[in-house]
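In the text below, chain A, chain B and the rest are named by the order of the sequence lines, each starting its count at 1.
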Amino acid sequence: MWTRFGDEPLKEEKVHKRRSTWALVASAVVAASLALSGCGSGGGAKTEGGKTVITFWQQKFEDYQQAWFKKEVDAFNASQSKVKVDYQVVPSDTWAQKLKAAQAANKAPDVQTTNYGNIAAAAANGELTELDGLLPASAFADIKDNVKSFVTIGGKHYAYPMLVEPSTVLYYRTDLVAAAGLDPKSPPKTWDELIQWATKLTKGNVKGMTIASVAADLGWASWGLQYNACGHLPVADDWSKSTATDPCFQKLLQFYKTLYQGGLMPKTPKVGYADASPYGQGQVAMMADGSWAVGQLKETFPAMVAKTAVAPFPSMDGDPTKTTATLGGWTLTVDAKSKAKTQAAGFIQWLLAGDPAIMASFFKASGFSKYTVRTSVDQALSGNTDANSDPFMKVISDKVVPYGKQEPSYPWDIALDFGTAIEGAMKGNLSIPDALKKADGQINDVIKKQSLAGTEPTH
Amino acid sequence: MALLESAHEGQPPAGAGTEPGRRTRSGRRASAPRRQDNVTAYLMIAPMVILLGIFVMWPLVYSVYLSTFKISFYKAPQFVGAQFYQYVLESSDFWHSIWIGLYYALLVVPTGIVIALLLASFIKTLSGRVAAFMKVTIYLPAVVSTVIASVLFTFMYQDEGVVNWFLSLVNHAPVAWLNSPRWALPAIAVPGIWLGFGITTLILLAALLDIPESYYESAKLDGAGFFQRLWYITIPLLKNVLLYLVVTGFTLAVQMLDLPLIMTNGGPVGATSTPNYYIFNSFRDLTPYATSYSLTASLLLFAVLGTISIVIFRLIKSDKAVDG
């Protein structure tokens, strides 16, 4: 080959060949670029065997919830021949980055679980489809009045609610309480009494109490107690400035600090606030947790149920009408870029707003540890003795929910800054005034940089 | 060197003692094959250059472009110029995370190198079979997944874990290793050192074995003791290897993500929030602000890491190809 390099025809052939090679490389690059850029963009809704496919991402919750969702999605897919729901469970610790990556690639799920606190921000950013034209008015009329505002922004519905659950309730071991010479029928009513109980119940390897102790948990799990201490959260109502340095918050931080530094709670918890395992395994005598812990105790630690009593979380000054818990919960939303909005909304209508028996089966599976959001589901459960006779839920319904407040919808950064202040005070990193001052500066910084002043949502 | 010299025997080295004109003529004579060589060389590096261009250079340039916008995946991006650079540079949390990264690197890299040097010196003195066994044993942590090591050490640091059990033997109260702002970073540095010293030991052992034994023999004849031999022979001849280990160790350590993510979630009170963890956590926030902020913070971290590498190179003046 090399010996014939000087031959003219061959030179041409070689040049041609080289050009062909470059053309091939260029075509490959262009094809690859098109393939990469073409991912997920353009075209209509995905179809499979004549059915429109919609993707549904569910954030992973308790095991029974995954089983319930799967059963109902299968039932929906079998009930008709036009839509197929592709159901996927996403672990909560990877939810945010997975969703964001999907949004960036125009591959966000058509339907997703969204908590009440995220609806306002997502709607403001244009991420959610307005559901009013897609679901019948009767579906929205069925939502209980105290929940309607949770899913409404500027008079429009951006989500359909599924459940409500108070974030903070006190659980305590009646046997250990009696053994410590305390009266199980008269649970602590003030923070001081709670600390006295925790002190008396801390014996050997059993700690008196467990409550959130890391910033990521404290950020949301302390909302109810922030309301309790000050009557408001550490941000002005119009989101124009921080109120973290209000003196009333010092008492809240002191309360957490006393529990932690007094050795009344585990200093190296193995699980987060939402997980009732340390209580279920007998490592602590009292627990602050959401109402969902009732379901976990019944399902995973049934032996502990008979030895457990539930009470409203103590109020700072003993006033039982002051808020101690926020009412959180989950909804289903339709992505604004979904190519099958009607079908996605149709699935939500079938699952959450349709036959009340479907959602009734969910609350039954939860051990009635969550609250219904529809009048018709309440009616469907009215004849169910389990739903009305559960002693734990009766206490929560009568003494916690009526005073609960909606979760804030300001950016998570603010909640995390305040949670970090509580954690700093607990772990001795900063004095209480310094921790609050630092949080104040950081919250004001978030307000300024994210231009939040005056953007609080109106319902 | 001796081999190279003999290979050049009979023909003067290029340019040495030649007239400028002759050099030009010989250059002309060699130009055609040299051009062919160049074409071959370019063709050989082309795939890597193309891949780097597509997957590194272009994304980097595009990232810089994107960092000048407030990015939303649902609304038109809003041009904000260098605003996010200002936000990141003003953020005390960003600088705190850089400090945490440097502190972690300071805990892990020098300790890891000293332990590795001691182990390598020890292995060098062992017979073949025992040395092979030791090498395998020491290298084992390097093949353990960081996730597994994180979980293992998390259990060891529990109130009733093995570390606190040792403390109880001397009547010391349990320490909340992973939940104390003071101890959390040193606590996660321990698995960091454990995971890294296997490969460092092997690299240092190879470098030690490369030092001719005759140097030590002559030094001994001249009456040099162990520390003199270490100071005047071993360390100078390991300089380039040590420089490599320090630079790569530092840049890798500053970028640590897995250990704080799994063991402490960046806490307590941000005590283990390394730069990558901080950026990752910022990205996890679902606001459009967080997307642009984390992107800009990543680009600035790139600049910070480059600066650190340059400083290390300057501090340890590298000799080019010190040959034994």
A.B. asks: Of all of K449(A), Q97(A), E127(A), which one pairs up most often with chain B through heavy atoms under 4.5 Å apart?
C.D. replies: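 Among K449(A), Q97(A), E127(A), the one with the most close pairs to chain B is K449(A).
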A.B. asks: What part of T264(B) gets closer than 4.5 Å to chain A, counting heavy atoms only: side chain, backbone, both or neither?
C.D. replies: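 No part of it gets close to chain A.
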A.B. asks: Got a second to check how far S282(B)'s OG is from L295(B)'s CG, nearest 0.5 Å?
C.D. replies: 11.5 Å
A.B. asks: Against chain B, label L430(A) side chain, backbone, both or neither, depending on which of its atoms sit under 4.5 Å from a heavy atom there.
C.D. replies: neither
A.B. asks: Parallel, tilted or perpendicular: which one describes the rings of W183(B) and W177(B), with boundaries at 30° and 60°?
C.D. replies: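 Geometry flag for W177(B) against W183(B): perpendicular rings.
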A.B. asks: Verify, without hydrogens or angle tests, whether T129(A) (side chain) and D335(A) (backbone) share a donor-acceptor contact under 3.5 angstrom.
C.D. replies: yes
A.B. asks: Would you mind checking which part of D445(A) comes under 4.5 Å of any heavy atom in chain B, side chain (CB onward), backbone (N, CA, C, O), both or neither?
C.D. replies: neither
A.B. asks: Where does N205(A) contact chain B at under 4.5 Å (heavy atoms): side chain, backbone, both or neither?
C.D. replies: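 Answer is neither: N205(A) stays 4.5 Å or more from chain B.
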A.B. asks: Is there side-chain contact between N265(B) and V214(A), with at least one heavy-atom pair below 4.5 Å?
C.D. replies: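 When only atoms from C-beta onward are counted, V214(A) and N265(B) do not touch, as no gap falls below 4.5 Å.
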A.B. asks: Below 4.5 Å from any heavy atom of chain B, which atoms of A435(A) appear? Answer side chain, backbone, both or neither.
C.D. replies: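 Neither part; nothing is under 4.5 Å.
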A.B. asks: Thinking salt bridges, do E160(B) and K267(A) make one under a 4.0 Å N-O criterion?
C.D. replies: no
A.B. asks: Please look at A104(A) and chain B and tell me whether the side chain, the backbone, both or neither of the residue comes under 4.5 angstrom of a heavy atom of that chain.
C.D. replies: both
A.B. asks: Is it true that Y116(A) and W330(A) have ring centroids separated by less than 6.0 Å?
C.D. replies: no
A.B. asks: Heavy-atom distances under 4.5 Å only: say whether F84(B) touches chain A with side chain, backbone, both or neither.
C.D. replies: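 For F84(B), no heavy atom lies under 4.5 Å from chain A.
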A.B. asks: Examine whether an atom of F283(B) lies under 4.5 Å from a heavy atom of chain A, and if so say whether it belongs to the side chain, the backbone or both; otherwise answer neither.
C.D. replies: both
